[in-house]
Amino acid sequence: MSSNILAMVAMQLLLIRIVSSQNVTNEYLNHQCNNTQGTYTRGSTFEKNLNQVIRNISHLHLRYGYTYNSNVEAYEVSKDPNIVFVLLQCRGDSYGSKCHSCLHTAFSGLRERCRGNKGAIIWYDQCVLEISSVNTKGRIRYDSFFNMTNVKNVSSNAEQFKNKRKDLFHKLLLGATKDVSDSNDAYAVGETRIGRNKMYAMMQCALDLTTNGCYVCLEWIIGRYDSFYFDRRQGTRVLSRSCSLRYELYPFLRR
Ligand SMILES: *[C@@H]1O[C@H](CO)[C@@H](O)[C@H](O)[C@H]1NC(C)=O
Ligand SMILES: *[C@@H]1O[C@H](CO)[C@@H](O)[C@H](O)[C@H]1NC(C)=O
Ligand SMILES: *[C@@H]1O[C@H](CO)[C@@H](O)[C@H](O)[C@H]1NC(C)=O
Ligand SMILES: *[C@@H]1O[C@H](CO)[C@@H](O)[C@H](O)[C@H]1NC(C)=O
Ligand SMILES: *[C@@H]1O[C@H](CO)[C@@H](O)[C@H](O)[C@H]1NC(C)=O
């Protein structure tokens, strides 16, 4: 009897733990295989280089959740036909070991979904991984944007909702692009009360962008989506290779 009760209590504790951590997920979100960069075959030099770069990245600290890496040191001027570039950017609450774990997930996801593509990007909740045979460092790739939306709309006080969101976005845009050099990881989070609800939001840029590039990237999202697309939606994310934004009426980040 008492052991049954104990078991029940244990079950409930477990349930509570599962429920309270369920919003911090690392779901697969999207991928893009680049068909203009061609393919590599099994055992090719390109594949060996790719694996080596990934192995090297797995030895980094990833303290700021970011790396842009290549198998060639002077890659700006390299003519190596099998050169590989890898961008990894982890979400601002997922640095260090969590970033490593996302890299692992993302790399196997990428190999599965874009088998043999020399150029490809994959998104998970906690990181974006790009492999490429051309240098993409610092470039905003406008063909890589996509959005995912919470289909529900707020039903009342739409104007207040939009205004509060606009203010929060403005604050986060400044936060993500404030130029305090090395201590700025181009990541900003915030929340705002809207009536009985609370809106949670984040913005982030990949750290290969300059502060100005980050501003341009996030501003492009806000300008393009805010006026008509975000509208009354309870939550939306817009992601790309180089920057991302998300808001929800519930917390979705690690505290
Ligand atoms: C998780 O998300 C749900 C909405 O899907 C929200 O009601 C709940 O408060 C969130 N819980 C935590 C711990 O973030
Ligand atoms: C594919 O790669 C080329 C570079 O070879 C780049 O210009 C283009 O933007 C990429 N397209 C997509 C959809 O990733
Ligand atoms: C990997 O790291 C080793 C040692 O740090 C270095 O010698 C090698 O050039 C790197 N290789 C690649 C492909 O980045
Ligand atoms: C958001 O995504 C949907 C579905 O992929 C697409 O139809 C829509 O045009 C996108 N919105 C914007 C503003 O790009
Ligand atoms: C929410 O509003 C958008 C237009 O802003 C509409 O397209 C969509 O169908 C609405 N969603 C629901 C669940 O009513």
Side-chain angles (χ1 to χ4, degrees), residues 27-40 46 49-50 53 68 70-72 75-76 78-89 106-107 109-111 113-125 127-166 169 173 194 197 199 201 203 206 208-209 213 216-250:
E27 302 286 326
Y28 157 79
L29 302 178
N30 197 7
H31 70 278
Q32 293 172 358
C33 312
N34 190 320
N35 294 319
T36 68
Q37 289 190 30
T39 56
Y40 63 88
F46 186 92
N49 290 347
L50 174 61
V53 174
Y68 192 87
S70 171
N71 58 307
V72 173
Y75 56 74
E76 285 89 351
S78 173
K79 296 267 188 291
D80 186 337
N82 291 301
I83 193 165
V84 177
F85 298 91
V86 175
L87 164 84
L88 172 68
Q89 178 64 60
F107 189 47
L110 198 69
R111 274 189 301 193
R113 291 168 203 267
C114 296
R115 196 176 293 278
N117 279 94
K118 286 185 174 178
I121 314 180
I122 194 161
W123 288 266
Y124 285 78
D125 277 331
C127 67
V128 54
L129 176 70
E130 177 196 55
I131 66 168
S132 178
S133 60
V134 297
N135 187 358
T136 68
K137 190 170 189 182
R139 258 185 267 157
I140 301 172
R141 291 264 311 276
Y142 289 98
D143 52 5
S144 70
F145 284 84
F146 66 97
N147 65 77
M148 297 173 66
T149 187
N150 185 330
V151 291
K152 288 194 225 139
N153 292 315
V154 293
S155 49
S156 59
N157 282 328
E159 282 315 306
Q160 185 199 24
F161 181 79
K162 289 188 223 173
N163 286 334
K164 292 268 191 166
R165 183 178 57 204
K166 194 173 176 186
F169 281 5
L173 178 61
I194 308 179
N197 290 315
M199 178 183 286
M203 288 184 196
D208 65 318
L209 294 192
V216 169
C217 196
L218 289 171
E219 177 79 315
W220 192 81
I221 295 183
I222 297 169
R224 175 153 181 227
Y225 290 80
D226 195 29
S227 49
F228 61 97
Y229 183 72
F230 289 157
D231 200 42
R232 295 181 293 120
R233 294 190 193 268
Q234 292 191 4
T236 293
R237 14 180 148 173
V238 180
L239 298 107
S240 71
R241 173 209 174 283
S242 308
C243 67
S244 65
L245 172 161
R246 180 178 182 184
Y247 75 91
E248 306 284 355
L249 292 181
Y250 58 85

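Please read these numbers as outputs of a predicted model, since none were measured by experiment. Count residues from 1 along the sequence. Counting convention: from 1, in listed order, for ligands and their atoms alike.
- Some N or O of Asn147 is nearer than 3.5 Å to an N or O of ligand 4, by distance alone.
- Counted by atom type alone, Tyr75 and Asn135 present zero donor-acceptor pairs between their side chains at under 3.5 Å.
- Shortest contact from atom 2 (O) of ligand 2 to any protein heavy atom: Asn34 ND2, 2.2 Å.
- By the definition of a contact as any protein heavy atom under 4.0 Å away, atom 7 (O) of ligand 4 is not in contact.
- Scanning the protein for heavy atoms near atom 12 (C) of ligand 4, the closest one is Tyr225 CE2, 3.3 Å.
- The aromatic rings of Trp123 and Phe146 sit perpendicular, their planes meeting at an angle over 60°, well past the 30° parallel limit.
- Nearest protein heavy-atom neighbour of atom 11 (N) of ligand 5: Asn153 ND2, 2.8 Å.
- For ligand 2, the atoms closer than 4.0 angstrom to any heavy atom of Thr36 are 1 (C), 2 (O), 3 (C), 5 (O).
- Taken from CG in Asn117 to CD in Gln37, the straight-line distance is 8.5 Å, to the nearest 0.5 Å.
- The cationic atom of Arg113 (NZ for Lys, CZ for Arg) lies less than 6.0 Å from the six-membered ring centre of Tyr28 and within 45° of the ring axis.
- Counting protein heavy atoms only, atom 13 (C) of ligand 5 is closest to Val151 O, 3.2 Å.
- At the shortest separation from atom 14 (O) of ligand 2 among protein heavy atoms lies Arg141 NH2, 2.4 Å.
- Of the possible polar contacts, one joining the Ser70 side chain to the Val84 backbone as a donor-acceptor pair under 3.5 Å is found.
- Atom 4 (C) of ligand 4 lies below 4.0 Å from none of the non-hydrogen atoms of the protein.
- Of all the atoms in ligand 5, the ones that sit under 4.0 Å from a non-hydrogen atom of Asp231 are 5 (O).
- In this pair, Tyr142 and Phe145 present their aromatic rings parallel. The plane angle is below 30°, not in the 30 to 60° band.
- Ion pairing of Arg241 with Asp208 is present here, as a side-chain N (NZ or NE/NH1/NH2) and a carboxylate O approach within less than 4.0 Å.
- In this structure, atom 9 (O) of ligand 2 lies nearest to the protein heavy atom Asp143 OD2, 2.7 Å.
- In this structure, Arg237 CZ and Met148 CE are separated by 4.5 Å, a value rounded to the nearest 0.5 Å.
- Those atoms of ligand 2 that come under 4.0 Å of a heavy atom in Val134, given as number and element, are 4 (C).
- Not a single N or O atom of Gln32, backbone or side chain, sits closer than 3.5 Å to an N or O atom of ligand 2.
- Side-chain contact annotation: Ser78 with Asp80, donor-acceptor N/O pair under 3.5 Å absent.
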